[in-house]
Structures are given as structure tokens and as C-alpha cells.
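What follows is a short report on a single structure.
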Amino acid sequence: MTGRPAWAEVSLATLRENFRAIRRHVGPGVEVVGVLKANAYGHGAEAVARALAAEGAAWFGVTSAAEALPLRRAGLSQPVLLFSGFWPGEEELLADHGLVPFLFDAGQLQRLEHYGRRHDKSLPFHLKIDTGMGRLGLDPAELPAFLEALGRCRHARLEGLCTHFASADEAGGEQTRRQIERFGGARRQVQQQGFHPRWLHMANSAGLARFPESHGTMVRPGIALYGYQSWASPPAVKPVLALKSRVMSVRAMPAGAPLGYGATYVTAAAARIAAVPTGYADGLPRLLSSRGRALVRGCAVPIVGRVSMDLTLLDVTAVPGVQPGDPVVFVGRQGQAEITADEPARLAGTVPYEILCGIGVRLPRLYVES
Ligand SMILES: Cc1ncc(COP(=O)(O)O)c(C=O)c1O
């Protein structure tokens with residue numbers, strides 16, 4: 001690590017525990033795909049993949065071939081699912097690197113088949129059905145025509161059938177139950193036409209936790225691997241990532257002092273203000289300006305003034321003895337106190353996913369075993 005003390009600490013031990021908890025929850029016979037898209041939700045895809053592979057993960061999932069190739073360069077050989085499919089011209093990458101795209105329409109099937117025929121290669125894919133997300137996926141009404149076309153293919157191979165839940169983490173669950181039912185209908189159609197894909201999968205983290213009937217033969221947890229769950233049911237998981245820094249300077253400011261860009265905060269009384277070298281370019285949302293908190297010496301202290309690109313100010317008046325070099329935690333634990341990514345997410349009007357994915361690329365990731 002270089003001198004600037006701002007880093008994301010990633011506990012590989014916790015990651016592995018979360019993976020094991022998910023595996024125990026879904027039981028044997030259900031494959032757990034390690035979802036590594038967006039640099040493993042900000043945690044660092046290669047290190048996360050290595051840790052999961054050592055734990056026995058047999059499949060990974062990313063958004064695109066561009067995200068999969070670094071895993072291959074890092075020596076990981078597990079099959080990788082491409083959740084956003086493939087783009088024209090990427091057929092060779094699929095074939096050469098064992099990448100398995102989701103397919104959404106018959107045009108993509110033709111492209112795969114065409115490439116496979118020309119190069120005498122068998123290309124597996126997972127067909128994604130839109131059961132209610134309204135985003136990507138084959139409309140179930142188009143399934144008969146797709147299966148007819150598939151019947152003529154000799155190189156494109158239907159290895160999996162899948163869908164994605166729109167609201168498995170929300171109260172109620174009617175939409176998810178409807179999606180499970182529609183998926184069952186699609187599966188029956190596929191089987192009636194003589195296709196028997198080995199992998200049947202629907203569930204993201206919330207789906208696998210709340211809808212056991214959605215487990216199929218494969219589940220695709222992302223956020224739960226990284227320790228976040230907005231539902232009460234198991235598997236119990238713990239946050240993997242902490243956003244840490246150190247106090248850079250502490251200054252005594254008089255009452256009436258404007259702090260930071262725009263002078264949006266003015267001290268009401270004399271205050272001790274700590275500058276911390278972490279800002280929005282590191283993933284601390286600017287919306288935390290004068291709203292968020294950090295931990296110093298085991299106490300929660302307020303962020304004052306605007307979060308800037310590289311720096312943030314904390315009012316440490318209430319904490320005796322704060323000095324340059326003291327550890328600061330924006331997300332994570334310090335002593336008995338903890339700030340999870342749920343807190344900045346709520347204050348910034350977003351979800352923990354976005355906080356984790358937004359951890360700046362310039363921040364070093366420090367992998368720890370504790
Ligand atoms: C197709 C697909 N499957 C699984 C996941 C993992 O979702 P989650 O992080 O909610 O478990 C995602 C992420 O958005 C996804 O796009």
C-alpha cells in the first residue's frame with residue numbers, strides 16, 4: 001500500500017463463512033454460483049474468486065466477457081456465466097475461454113450456432129426467460145419458436161434455463177411466486193420438446209433465502225456473499241468489506257468557522273475538526289455531507305461540511321485525544337461500534353449494492369484473514 005491511508009479491507013475469512021452458510025442453506029445438489037460482477041461488488045474479483053475457488057466454488061457469474069477474461073488471466077478455470085450475454089464478435093472468446101452466456105433471443109442462438117458450425121465447436125448457453133422482470137429474457141410466448149430453431153442446432157447447446165427475480169427482497173412475495181410459476185411453465189415446455197438442461201436457476205440472494213422452491217439446481221447469490229441481507233431469514237451472513245482511513249490533521253476551530261466547499265457548514269461553537277483523506281472519489285457518497293458518520297476511537301462522529309473528492313471533515317470535539325494517525329472507519333467495525341453499508345446507503349437514498357460497487361478503483365484492497 002502507498003502512503004495515503006485510505007483503503008478497503010476485505011475479510012476473506014468472512015467471505016468464505018458466508019459462502020459456506022449459503023451452501024449449507026441450499027443443501028447438496030444445488031450449485032452455488034459466486035457472483036463476481038462489478039469487480040465482485042467492489043471487493044476485487046480475482047481475490048474473491050480465488051478464495052471462493054479454494055472453498056470449492058465450481059461456477060462464477062459476471063456481467064460480460066470483459067469481466068471474465070481477468071479471471072482467466074488469474075488462472076481460474078471454472079466455467080463463468082455471462083449474465084448480460086455476449087456481443088457480436090465475442091463468439092471466439094466464449095469458445096476459447098469456457099464462457100457461458102445467457103441468451104435472450106433467437107438471433108443470438110443463430111450467431112452461436114453459426115460460429116460453432118464454422119469452427120466445429122460446441123457452445124453451451126443458458127436460456128434466460130423473462131418471467132416478470134421486464135428487462136432481459138425471452139418472452140415465454142416466443143419459446144416455441146426458439147425451441148424449434150434450437151432443434152435445428154448442432155453446435156449451440158442448451159445447458160441451462162434461468163430467470164431473474166424482480167422483487168424477491170420485498171415484503172409480500174406475490175411477484176416472485178408468479179415468476180416461479182411462469183418459470184415452471186417454461187421448464188415444462190422445454191422438457192416436452194425433448195430438451196433437458198442440467199442447470200435450472202432463478203434465485204439471487206433474497207430468492208434463495210426466502211423461496212426454497214426457487215433453488216432448482218443452481219443459485220446465484222451476490223449481495224449475500226458480501227454479507228448483506230435485507231430479510232430476516234437465514235442464511236446468516238456478515239459484511240465482508242470495511243472502508244477505512246486515518247486522521248490526517250486535527251484543528252481547533254472557533255465558533256462561526258465555515259467548513260469545506262460552499263461553506264455549507266458553520267461551527268456553532270468552538271470545535272475540533274479532523275480532516276480524513278477519503279472522499280467521494282473513494283466511494284464515500286457526497287450525499288453524506290453533514291449527514292453521515294464515521295467511527296474514531298470507537299465512537300461515532302459526524303461528517304461536517306461537504307464530502308469532497310479526496311477529503312472529508314469530521315467533528316471530533318466529543319472524543320478526547322483524537323490525533324493524526326488515528327484509525328477512522330466509514331464502513332465497518334471499530335471496538336463495539338459498527339457502521340454497515342446500509343447506513344450510508346439509506347442516507348444517500350440508495351442500496352448497499354451501490355455503496356459497495358462504488359468503492360473507488362483508486363483505493364487499495366487489503367485482504368485479511370480475520
Ligand atoms: C442475473 C443475476 N443473477 C444474480 C444476481 C445477484 O443478485 P443479488 O446480489 O441480489 O444476490 C444478479 C445481480 O444483480 C443478476 O443480475
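Hydrogens, waters and symmetry mates are skipped; everything else that's a heavy atom, side chains included, is used. Counting starts at 1 for both ligands and their atoms, following the listed order.
Note: Arg73 CZ to Glu46 CD = 8.0 Å, rounded to the nearest 0.5 Å.
Near ligand 1, residues Lys37, Tyr41, Phe83, His164, Asn204, Ser205, Arg220, Pro221, Gly222, Ile223, Tyr353 each place a heavy atom inside the 4.0 Å sphere around the ligand atoms.
Arg157 and Ser122 share a donor-acceptor pair across their side chains, judged by distance under 3.5 Å alone. Judged purely by distance below 3.5 Å, without hydrogens or angles, the side chains of Thr278 and Thr312 never pair a donor atom with an acceptor atom. Side-chain contact annotation: His196 with Gln191, donor-acceptor N/O pair under 3.5 Å absent.
Aromatic ring pairs are classed by plane angle as parallel below 30°, tilted from 30° to 60° and perpendicular above 60°; the pair Trp199 and Trp59 is perpendicular.
Judged as a salt bridge (charged side-chain N to carboxylate O under 4.0 Å, His left out), and not counting sequence neighbours, the contacts of Arg362 are Asp282, Asp310.
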